[in-house]
Trainee: 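Here it is, the structure, as structure tokens.
Quick caveat: nothing in here was measured; it's all calculated off a predicted structure. Note that these values count all heavy atoms, side chains included, but never hydrogens, waters or copies made by symmetry.
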Amino acid sequence: MAEKSIMAYFHSPDDAHRLLPKLKALGTIDVQVARIGQFQGDGVSETFNPLTGGFPGLSFLTLNNESPGIDEGILAAADVDASGLSAPRSEDGYYDYNGVGNMDILLTVVIEEQAYEQAQRIVREGGGYF
């Protein structure tokens, strides 16, 4: 049987996880929910005081980037997001980006072809964007 995949974006992990029982009932082959971003890793995994030093750079502080090397850290710190001046703030009323802002949760589904359209409908009704 042929397999098809669905990739949909959500605002929160909870939105995506709510759909898992329905999708698994269709007989999914594989389902994954992951946070995506421009930097690798899960973010900073330690607590520290930046005034005492001991942190690798600006991107570590502002982008939660535990970069594996100095070159990547320098490049990430040069990104406009590192300063915090590039992104609209929620208190300014610009946070939603026309309904697709902050959609960094990716639901990936691999499913048999005969259940593909029904799975798409479940994801769409659950608030996923393709």
Side-chain angles (χ1 to χ4, degrees):
M1 210 62 189
E3 299 173 355
K4 292 194 112 181
S5 62
I6 297 171
M7 296 175 70
Y9 298 92
F10 290 85
H11 289 284
S12 75
D14 293 337
D15 293 343
H17 282 289
R18 262 192 290 270
L19 304 178
L20 294 184
K22 291 179 183 178
L23 292 169
K24 288 181 180 178
L26 292 177
T28 56
I29 297 165
D30 192 20
V31 179
Q32 181 181 5
V33 176
R35 183 174 303 276
I36 58 171
Q38 70 189 88
F39 302 110
Q40 66 184 4
D42 294 327
V44 177
S45 59
E46 61 184 280
T47 303
F48 63 93
N49 183 347
L51 296 177
T52 60
F55 62 91
L58 178 64
S59 67
F60 182 83
L61 292 174
T62 60
L63 300 173
N64 295 329
N65 181 24
E66 284 191 5
S67 61
I70 191 164
D71 293 336
E72 184 187 13
I74 292 170
L75 186 60
D79 190 286
V80 294
D81 291 335
S83 69
L85 298 175
S86 63
R89 300 176 304 171
S90 59
E91 56 267 21
D92 294 334
Y94 297 109
Y95 184 73
D96 192 32
Y97 300 103
N98 296 323
V100 296
N102 204 29
M103 296 189 79
D104 59 348
I105 304 302
L106 178 64
L107 169 69
T108 306
V109 180
V110 179
I111 195 160
E112 295 291 342
E113 189 172 15
Q114 72 269 11
Y116 177 73
E117 290 191 23
Q118 188 176 358
Q120 272 192 320
R121 188 170 34 260
I122 289 170
V123 171
R124 192 175 289 111
E125 290 171 358
Y129 288 83
F130 298 100

Trainee: Would you find a donor on one side and an acceptor on the other, under 3.5 Å apart, between the side chain of S12 and the backbone of D15?
Mentor: yes
Trainee: Give me the one residue out of I105, V31, V33, L107 that meets side-chain contact (heavy atoms from CB on, under 4.5 Å) with H17.
Mentor: V33
Trainee: Mind checking whether L26 and I122 have side chains closer than 4.5 Å, heavy atoms only?
Mentor: yes
Trainee: So, taking the atom named CZ in F10 and the one named OH in Y129, what distance separates them when rounded to the nearest 0.5 Å?
Mentor: 10.5 Å
Trainee: Looking only at non-hydrogen atoms, find the nearest pair between H11 and D104 and report the distance.
Mentor: O-OD1, 4.4 Å
Trainee: Which atom pair, heavy atoms only, marks the closest approach of F130 to M7?
Mentor: CD2-O, 3.8 Å
Trainee: Surrounding CD of E117 (heavy atoms of other residues, nucleotides or ligands, distance under 6.0 Å), is the total greater than 12?
Mentor: no
Trainee: Can you see whether Y116 engages Q120 through a side-chain donor-acceptor pair at a distance of less than 3.5 angstrom?
Mentor: yes
Trainee: Only one of V123, I111, I6 clears side-chain contact (heavy atoms from CB on, under 4.5 Å) with L23; which?
Mentor: V123
Trainee: CG of L19 to CG of D14: how many Å apart, nearest 0.5 Å?
Mentor: 11.0 Å
Trainee: State the CD-CD distance between E3 and E112, to the nearest 0.5 angstrom.
Mentor: 6.0 Å
